[in-house]
Amino acid sequence: MLLGLPELVAQTWMARHRVQRGTSSERVSASKEAPVPLRLDVLSILGPSADGVLSGEDQEGPVPVIGILSAWSDLVVEETRQRPVSRTVTGLTEHLLHHAEWALRQEWAADFAQELEALTKTLRRVSGIEPARVLLPVVCPTCDLRTMIREEGSGWAAQCRSCPAVRLSAREYAQLVAQQAQAVSTPREA
Ligand SMILES: [Zn+2]
């Protein structure tokens, strides 16, 4: 997820001028009138955390990218004394990547991963990039439906579209595949 962040941020930045998604017939022909308004959702997530575009009022709004990365980077600095080269998205993600192995052994590793996942999701949503999803050839161990997918950038090998709790690591997914392959003596599909 860290590796993909700088590109995702760049794509989100490029989406800042986009008018609300509408049909192409609504598209106004190029004119020299008022500039296309900037999207507040994009600005609020990309803006510097210190002077957030929607300062304080917007409790629902996402904390800007730099704010989230800085907070985790500061934690790394506190414990390792190694500072990021710069406080840009690239500098901060590199800093975090450099200490990723160490970070994964800390007690806050799960929180760190969750926040990165949420950030990635927010950026994808705001920039309009849908993560690629692959339907998997297994049934969900909980709801027993053919709803298992692999979502690009999620960090999971498999998850159920209906059951939020069903998220499998690569090893767990391999086990599930093995179980189901064994259970099915006659394949129902070619
Ligand atoms: Zn399910």
Side-chain angles (χ1 to χ4, degrees), residues 1-55 57-76 84-101 103-104 109-136 148-159 161 164 167 169-170:
M1 284 188 276
L2 279 170
L3 278 172
L5 262 185
E7 190 184 1
L8 203 48
V9 167
Q11 283 166 331
T12 308
W13 180 241
M14 277 156 59
R16 73 197 184 281
H17 285 298
R18 201 183 298 151
V19 194
Q20 288 164 330
R21 261 179 272 171
T23 61
S24 52
S25 60
E26 285 173 60
R27 209 140 119 212
V28 183
S29 58
S31 74
K32 292 185 177 87
E33 288 168 31
V36 178
L38 293 172
R39 287 176 50 189
L40 283 183
D41 56 346
V42 171
L43 293 186
S44 69
I45 189 157
L46 294 182
S49 54
D51 51 0
V53 175
L54 309 168
S55 51
E57 307 293 320
D58 181 42
Q59 288 129 0
E60 307 282 300
V63 178
V65 180
I66 293 282
I68 292 173
L69 295 178
S70 289
W72 290 109
S73 174
D74 287 349
L75 196 56
V76 172
V85 180
S86 67
R87 296 189 84 78
T88 59
V89 170
T90 314
L92 292 167
T93 48
E94 270 174 13
H95 183 233
L96 291 169
L97 268 173
H98 192 70
H99 295 90
E101 272 192 43
L104 291 180
D111 293 337
F112 179 43
Q114 262 172 23
E115 210 162 284
L116 282 180
E117 191 183 345
L119 180 61
T120 302
K121 275 196 179 147
T122 304
L123 287 169
R124 281 187 195 281
R125 180 172 48 73
V126 167
S127 63
I129 300 165
E130 292 292 330
R133 292 197 180 112
V134 183
L135 188 64
L136 300 171
M148 297 294 287
I149 54 157
R150 179 172 304 141
E151 188 177 296
E152 176 201 8
S154 71
W156 300 99
Q159 54 197 104
R161 275 190 301 210
R167 295 168 151 200
S169 68

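Nothing here was measured: the structure is a model prediction, and the numbers come from that model.
Taking NZ of Lys121 as the reference point, atom CE of Met1 lies at 9.5 Å (rounded to 0.5 Å). For the atom pair Glu7 CD and Leu5 CG, the distance stands at 10.5 Å (nearest 0.5 Å). Taken from CZ in Phe112 to CG in Leu96, the straight-line distance is 4.5 Å, to the nearest 0.5 Å. Note that CG of Leu92 and CD of Glu94 are 10.0 Å apart. Values are rounded to the nearest 0.5 Å. For the atom pair CG of Leu8 and OG1 of Thr93, the computed distance is 11.5 Å after rounding to the nearest 0.5 Å. Of the inter-residue distances, the one linking Leu97 atom CG with Leu2 atom CG reads 4.5 Å to the nearest 0.5 angstrom.
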Could you walk me through whether Arg161 and Glu151 pass the salt bridge (Lys or Arg N to Asp or Glu O under 4.0 Å) check?
CA-CA 10 Å; Arg161 275 190 301 210; Glu151 188 177 296; over 6 Å; no
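Under the side chain to side chain donor-acceptor pair (under 3.5 Å) criterion, Gln114 pairs with no residue, sequence neighbours left out. Judged as a ring pair (Phe, Tyr, Trp, His ring centres under 6.0 Å), and not counting sequence neighbours, Trp156 has no contacts.
Looking at heavy atoms from C-beta onward, Ile66 lies out of side-chain contact with Arg87 at the 4.5 angstrom threshold. Using a 4.5 Å heavy-atom threshold, the side chains of Trp72 and Asp111 count as touching. Within the 4.5 Å cutoff, no side-chain heavy atoms of Met148 are placed close to those of Leu135.
No side-chain donor-acceptor contact under 3.5 Å links Thr88 and Thr90.
In this structure a side-chain-to-backbone donor-acceptor pair under 3.5 Å is missing from Arg150 to Ala158.
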